[in-house]
> 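The structure under discussion is supplied below as structure tokens; questions concerning it will follow.
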Amino acid sequence: MNTRTVQMTDFLTYIGVNDRETARFENLWPLDKGVAYNSYLMTGEKTCLMDTVKVNKVDVFLEKLDEALDGRELDYLVIHHMEPDHSSSIQNLLVEYPNVKLVGNKKTIEFLKDFYGITENILEVKDGDELDLGDRKLVFYTTPMLHWPESMVSFEVNSGVLFSQDAFGAFGTLDGAIFDDEINWDNHKDEMARYYTNIVGKHSRQVQVALKKLSGLDIKMICPVHGPVWRENPGRVVELYDRLSKYQSQNGVVIVYGSMYGNTEEMADILARELVENGVRNVQVFDVSKTHPSYLLNEIWKNKGVLLGSCSYHNGLYPNMLHLVNILEENKIQNHILGLFGSYSWSGGGVRGLQAFADGQKFQVLETIPQAKCSAKGEDIDGLRTLAKEMADALKENPADFESLLEV
Ligand code: FEO
């Protein structure tokens, strides 16, 4: 028995790899639980490889491919997505399999040339085109900006298998378990949400377009390039993507503060207690200097209420808070309630920076904005109480969509 690859169906083999050595995805987003680069080999009348892996894992990948081919030639490589976590092994693949036909769309072909200088033996496909593999037939659907402009998915019509590239992916390695019915969902769901909010979320409008485009397909199995394969309940991950891309939320409030010497932190703690006194549950407080924005973005995305607090730094926002609001701006978060607070010692700027951020966004912004000089006292504490009450009332008037967003 071959234990390095996984026979998924009579025509499909999993030959993906786990990456536990890369510290950050895109050199930005922490990979505390690693990441899997999934690749699949179809073996029917023709052999067809679905994507490659990041080049740091090319040796084990090519060994798996060789085992799965079992002496056959490789006829096709379908390139669904050109981000180098899936394409940087293509040159190595071509050394081993120089006759393989590369399949991609016009933009894929452009990237192949510009990244790797590859210009030959390419089959261009367009949205809706079919690739006849004899006993198997792939239909291609472009899904631009999910996650890059050239991104596309393919659907094997006889089996109902969707090769979805980044769509429906997740951070986290696949530790023995490949399929959704083999994993403990509780161990994976937050890494899936973090993958969505960190990598895909900025393109949520295009995600909705793609979901509608694919909604007519009778999908039996979803094979993404990261995270578990969905064969028992593909609808679960589709529903999760639908919720996240609609900016739906769960019942909870996230407080993030930037504080140098603890005075803004104290304001955050007062707010947290006052929220609980007002009946709000699921309150979380984070130090923007300690928790990576990857996790803050994920928590803010999931929870209906957000409270941002900043001390003043060089007449503006605290630098790490500025970084966070820049990320939030990019993601165009909607359907959330936002409250602001902060502190200053002489000329201010922290709260002013938060207000400037809020003005350009689609949050429902709460009226009271407590701002303490040096430390919170008397009227400042009254303001914090008022702000907490406003948040609690707003959550009652405009409640979250779910008690727990990831319980699908
Ligand atoms: Fe997994 Fe957009 O690359």
Side-chain angles (χ1 to χ4, degrees), residues 14-40 49-58 60-61 77-93 102-105 107-112 114-116 140-154 162-174 178 188 191-207 209-211 214 222-230 237 240-241 244-245 294 297-298 327 330-331:
Y14 178 85
I15 58 169
V17 297
N18 286 315
D19 182 355
R20 299 184 180 89
E21 68 194 24
T22 299
R24 295 191 175 197
F25 194 84
E26 297 177 338
N27 212 13
L28 277 175
W29 310 102
L31 290 172
D32 298 334
K33 294 184 176 178
V35 67
Y37 310 119
N38 298 339
S39 173
Y40 310 90
L49 178 63
M50 315 307 262
D51 298 301
T52 67
V53 303
K54 191 177 167 188
V55 72
N56 63 326
K57 292 291 171 184
V58 68
V60 66
F61 170 67
L77 166 66
V78 175
I79 305 166
H80 295 95
H81 182 23
M82 276 296 293
E83 189 164 6
D85 54 330
H86 311 291
S87 71
S88 53
S89 290
I90 293 176
Q91 287 168 304
N92 307 65
L93 182 88
L102 308 182
V103 181
N105 57 52
K107 290 192 172 70
T108 319
I109 293 168
E110 189 181 316
F111 281 141
L112 271 172
D114 292 342
F115 272 111
Y116 308 116
F140 299 96
Y141 298 92
T142 54
T143 53
M145 299 321 297
L146 204 177
H147 152 234
W148 275 16
E150 87 300 350
S151 287
M152 65 177 187
V153 303
S154 64
L162 179 73
F163 298 96
S164 66
Q165 48 99 34
D166 275 354
F168 312 119
F171 287 146
T173 52
L174 296 176
I178 304 296
H188 285 263
E191 283 297 87
M192 169 158 277
R194 196 166 67 87
Y195 175 80
Y196 181 88
T197 57
N198 289 190
I199 306 300
V200 181
K202 173 177 164 43
H203 309 293
S204 287
R205 194 176 60 78
Q206 289 91 342
V207 173
V209 171
L211 289 177
L214 303 176
I222 296 177
C223 297
V225 288
H226 304 289
V229 172
W230 297 83
V237 71
L240 188 61
Y241 259 59
L244 288 165
S245 58
S294 166
L297 173 61
N298 190 40
I327 290 171
E330 279 190 343
N331 282 281

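Position 1 is the first residue of the sequence; numbering continues from there. Hydrogens, waters and symmetry mates play no part in the numbers below; they use all other heavy atoms, side chains included. Just so you know, ligand 1 is whichever comes first in the structure, and atom 1 is the first atom listed for that ligand.
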> Under the ring-ring contact (aromatic ring centres under 6.0 Å, His included) rule, collect the residues that match up with F111, sequence neighbours excluded.
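Testing F111 for ring-ring contact (aromatic ring centres under 6.0 Å, His included), a comparison that skips the adjacent residues, returns F115, W148.
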
> Ignoring waters, how many N, O or S atoms from the protein are under 2.8 Å from atom 1 (Fe) of ligand 1?
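If we list every protein N, O or S atom nearer than 2.8 Å to atom 1 (Fe) of ligand 1, we get 4.
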
> Once you measure the plane-to-plane angle for F163 and H80, does it fall in the parallel (<30°), tilted (30-60°) or perpendicular (>60°) bin?
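Because their plane-to-plane angle is under 30°, the rings of F163 and H80 count as parallel.
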
> Whether the D166 and Y195 side chains hold a donor-acceptor pair (N or O, under 3.5 Å, no angle test) is what I'd like checked.
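Present: a donor and an acceptor within the cut-off.
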
> Do H86 and H226 make the cut of ring centroids closer than 6.0 angstrom?
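Yes; H226 has its ring centre under 6.0 Å from that of H86.
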
> Side-chain donor-acceptor pair under 3.5 Å between Q165 and S151, yes or no?
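Side-chain D/A pair, Q165 to S151: present.
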
> What is the ring orientation for Y196 with Y241, classed by angle as parallel under 30°, tilted 30 to 60°, or perpendicular over 60°?
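It falls in the perpendicular class, over 60°.
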
